[in-house]
Amino acid sequence: MNINQLGEFRLIDRLNRILPIDDKDVIVGYGDDCACVKVDDTLLLFTIDIQVEGSHFLKEKINPKDLGWKLSTSNVSDIVSCGGNPRWALLSLGLPKDLEYGFIEGVYQGIREAQDYYGFFTIGGNVSACNQVMIDMAMVGQTDRFVGRFGAKPGDYLYISSYLGLSKSGLELILMDKKEYEDFEKRLINKHYRPIARVDLVETVKQANSCIDISDGLVADLWHIVEKSNVKIVIEKEKLPIHPDLELYCKKYNKNLYDYILYSGEEYQLALTSAKELGLIKVGYVEEGNGVYLKEKSDLKLLEKTGFQNTLPTQQQHHLELTKDLTLLDKRLLHLLLVLS
Ligand code: MG
Ligand code: MG
């Protein structure tokens, strides 16, 4: 049996059982955006995210500064989605021996830009030879209230923090490899390369009952809330905001808007549930039951758990499937290592 046959969730489940957590200071272990540990009067948040050449990025196509920025953003976003502020990061590099120095220097410059913007410091790391570029960042954040995927309650509203669908359309445009792009296309591409984690919303997140950052796609990420909170979430289709650039894109290339709004990953916007008025975009509600549903007029449709469909060339699809599992495995293990250290 290889890990691909096992599937992502069974793999994680089996491995986690080998390493049980028996520590009263661990408030949240596996299975959320961050692990959470109580230290004196504060809650520390731990997360980790990797960027692997060939599965997350193509070296010839990406600006290394954007890569450093994006790696930082994905980590900060997980901290923010648990109601925390990012504080410290560690970096682990796997680099081919013949890699141009300028490439990794560029990645560090991108991380520096992110540090300055988000307000954290990188305080350690290590480097090893590797067949492809791999950059793994672990991050520690801090909060006084942990908000997870498990707190959604019937009666909550569903909120999102902004427009969705921009990252997926941006990636598709990049892969079209056109000589020239229209202005709206350039803006969408920039959304893919330079997503911004919502550090400005930490105080708002702390008001919510549950929260997740949209990294796999709205529907896939809401399923995580549904499963952890044991609730039913209804998205009201007509309330989903449509970004004018996405609308132009879908018209020009004859695409369905909602394939983007519902399924675009790497958005790094937030989905939250709360019974309060949060001042964000209200797009649905939470009920008793199970599943993620889309409501259009009086029609209610169950939405499958489909995640972020990466559109890298097909020869990389298989590789992507495999490294997705490895990434998660790596993530869970490091969560634990950090928690135990
Ligand atoms: Mg997340
Ligand atoms: Mg993450």
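Indexing begins at 1, ligand by ligand and atom by atom, following the structure's order. Worth knowing before you read on, the calculation uses all heavy atoms, side chains too, and leaves out hydrogens, waters and symmetry mates.
- By the 6.0 Å and 45° rule, Lys168 does not stack over the aromatic ring of Tyr263.
- Remark: Lys282 is positioned above the aromatic ring of Tyr157, its terminal NZ or CZ atom under 6.0 angstrom from the ring centre and at most 45 degrees off the axis.
- Sorting the N, O or S atoms of Asp33 by how far they are from the Mg ion (ligand 1) puts OD1 first.
- For the Mg ion (ligand 1), the nearest N, O or S atom contributed by Asp213 is named OD1.
- By the neighbour-count criterion of 12 heavy atoms within 6.0 Å, atom NZ of Lys65 is sparsely surrounded, having that number or fewer from other residues, nucleotides or ligands.
- The nearest N/O/S atom of Asp78 to the Mg ion (ligand 1) is OD1.
- Counting backbone and side-chain atoms alike, Asp221 contributes no N/O/S atom closer than 2.8 Å to the Mg ion (ligand 1).
- Relative ring orientation between Phe57 and Phe103 is described as parallel, the plane-to-plane angle staying below 30° on a 0-90° scale split at 30° and 60°.
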